[in-house]
Novice: 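Before I ask anything, here is the structure I am working with.
Positions are given from 1 along the sequence.
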Amino acid sequence: QVQLVESGGGLAQAGGSLRPPCAASGRTFSRYAVGWFRQAPGKEREFVAAINWSGGITEYADSVKGRFTVSRDNVKNAVYLQMNSLKPEDTAVYYCAAGPLSGTSEAAYDYWGQGTQVTVFS
């Protein structure tokens, strides 16, 4: 069993940065891939980034490639989403999720956090 808690969201000006962490509980967290998803008002939840269990493999949605970086610290049981060059269209609730294999589909993940709001203003 893995429990996930996102934090570190909030307000940012366009062009700014945020780095929300995803904190995990459970001794087996290091065996899980982690994905980040987001849901904007009135839109479906969409894939943002993913990282495999070791941190050696990452993938990104085209909309954030080059601006966002996902990383993890298995000693601290945490995954981070470094968001740079933020745009108003990045405004959404951001969720982290854990599963046996990384992927872009929500179906790949078994455990989900409650989400953290990110709002980018111009």
Side-chain angles (χ1 to χ4, degrees):
Q1 187 79 8
V2 175
Q3 294 182 326
L4 304 171
V5 178
E6 306 93 337
S7 61
L11 290 172
Q13 193 168 15
S17 299
L18 286 172
R19 188 177 183 243
C22 171
S25 62
R27 290 177 292 178
T28 60
F29 175 69
S30 62
R31 302 177 186 176
Y32 287 89
V34 174
W36 282 93
F37 293 78
R38 66 186 181 186
Q39 187 168 21
K43 296 186 177 181
E44 293 186 354
R45 190 156 55 186
E46 64 176 4
F47 169 77
V48 175
I51 188 166
N52 77 327
W53 67 273
S54 70
I57 299 174
T58 57
E59 57 185 319
Y60 299 92
D62 287 343
S63 59
V64 306
K65 202 170 294 183
R67 300 188 298 123
F68 290 12
T69 302
V70 60
S71 61
R72 67 188 298 159
D73 184 335
N74 285 340
V75 173
K76 295 182 178 180
N77 272 9
V79 174
Y80 305 95
L81 185 66
Q82 178 69 48
M83 304 189 293
N84 297 330
S85 301
L86 283 163
K87 304 175 181 180
E89 51 263 44
D90 293 320
T91 295
V93 177
Y94 283 72
Y95 300 88
C96 65
L101 295 172
S102 65
T104 62
S105 170
E106 293 185 36
Y109 301 95
D110 300 320
Y111 305 102
W112 290 80
Q114 83 290 347
T116 186
Q117 175 70 47
V118 170
T119 303
V120 183
F121 60 94
S122 56

Novice: For R45, what residues pass the side chain to side chain contact (heavy atoms under 4.5 Å, CB included) criterion, not counting sequence neighbours?
Specialist: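 Side chain to side chain contact (heavy atoms under 4.5 Å, CB included) check on R45 returns F37, Q39, Y95, E106, W112.
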Novice: Decide yes or no for N84 and S17: does some side-chain heavy atom of the first lie under 4.5 Å from some side-chain heavy atom of the second?
Specialist: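 A side-chain contact under 4.5 Å exists here.
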Novice: Can you confirm whether Y60 sits close enough to T69 that some side-chain heavy atom of one is under 4.5 Å from a side-chain heavy atom of the other?
Specialist: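 In short, these two side chains touch, coming nearer than 4.5 Å.
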Novice: For a quick test of reading the model, state the closest non-hydrogen atom pair linking T91 to V120 and the distance between them.
Specialist: OG1-N, 2.9 Å
Novice: Any idea which heavy atoms bring G103 and F47 closest together, and the distance?
Specialist: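 Scanning both residues, the minimum pair turns out to be O-CE1, 3.5 Å.
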Novice: Do W53 and Y109 sit in the same hydrophobic cluster, where Ile, Leu, Val, Met, Phe, Trp and Tyr count as joined when their side-chain heavy atoms come under 4.5 Å apart?
Specialist: no
Novice: Please enumerate all residues that pass salt bridge (charged side-chain N to carboxylate O under 4.0 Å, His left out) together with R67, with sequence neighbours excluded.
Specialist: D90
Novice: Sequence neighbours left out, what passes side chain to side chain contact (heavy atoms under 4.5 Å, CB included) with D110? Give chain and number order.
Specialist: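 Only P100 meet the side chain to side chain contact (heavy atoms under 4.5 Å, CB included) criterion with D110.
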Novice: Any side-chain heavy atom of Y32 within less than 4.5 Å of one from Y111?
Specialist: yes
Novice: Any non-hydrogen side-chain atom of I51 less than 4.5 Å from a side-chain atom of W36?
Specialist: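 Result no, sub-4.5 Å side-chain heavy-atom pair not found.
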Novice: Which heavy atom of V2 sits nearest a heavy atom of A24, and at what distance?
Specialist: CG1-CB, 4.3 Å
Novice: Does anything in residues 113-122 pair up under salt bridge (charged side-chain N to carboxylate O under 4.0 Å, His left out), and if so which pairs, sequence neighbours excluded?
Specialist: none
Novice: Taking the side chain from N74 and the backbone from N77, do they hold a donor-acceptor pair closer than 3.5 Å?
Specialist: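 No: the side chain of N74 does not pair with the backbone of N77.
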Novice: Does F121 reach the side chain of Q13, with side-chain heavy atoms less than 4.5 Å apart?
Specialist: yes
Novice: Would you name the heavy atoms of V70 and L81 that are closest together and state the gap between them?
Specialist: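 Scanning both residues, the minimum pair turns out to be CB-CD1, 4.3 Å.
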Novice: Pick from E6, R38, Q117: which one makes a side chain to side chain donor-acceptor pair (under 3.5 Å) with Y94?
Specialist: R38
Novice: What pairs of residues pass the salt bridge (charged side-chain N to carboxylate O under 4.0 Å, His left out) test when at least one of them lies in residues 54-63, not counting sequence neighbours?
Specialist: D62-K65
Novice: Is it true that atom CD of Q82 has more than 12 heavy atoms of other residues, nucleotides or ligands lying nearer than 6.0 Å?
Specialist: yes
Novice: How close do L4 and A98 get, heavy atom to heavy atom, and via which atoms?
Specialist: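 In this case the closest contact between L4 and A98 is CD1-N, 3.6 Å.
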Novice: For the residue pair S7 and P20, what are the closest heavy atoms and their distance?
Specialist: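 Minimum heavy-atom separation between S7 and P20: O-CB, 3.0 Å.
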Novice: Start with the C-alpha gap between L18 and F68, add the side-chain angles, then the distance that decides, and say whether side-chain contact (heavy atoms from CB on, under 4.5 Å) holds.
Specialist: CA-CA 10 Å; L18 286 172; F68 290 12; over 6 Å; no
Novice: Other members of the hydrophobic cluster containing V5, with the 4.5 Å side-chain heavy-atom rule, please.
Specialist: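 Once heavy-atom contacts under 4.5 Å are chained together, V5 still belongs with nothing else.
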Novice: Are more than 12 heavy atoms, taken from residues, nucleotides or ligands other than Q114, located less than 6.0 Å from that residue's CD atom?
Specialist: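 Counting other residues, nucleotides and ligands, CD of Q114 exceeds 12 neighbours.
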Novice: Output the distance between atom CG (D73) and atom OG (S30), rounded to the nearest 0.5 Å.
Specialist: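 The OG atom of S30 is 11.0 Å from CG of D73, to the nearest 0.5 Å.
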Novice: Taking a hydrophobic cluster as the set of Ile, Leu, Val, Met, Phe, Trp and Tyr residues connected by side-chain heavy atoms closer than 4.5 Å, whether directly or through intermediates, do M83 and Y80 fall within one such cluster?
Specialist: no
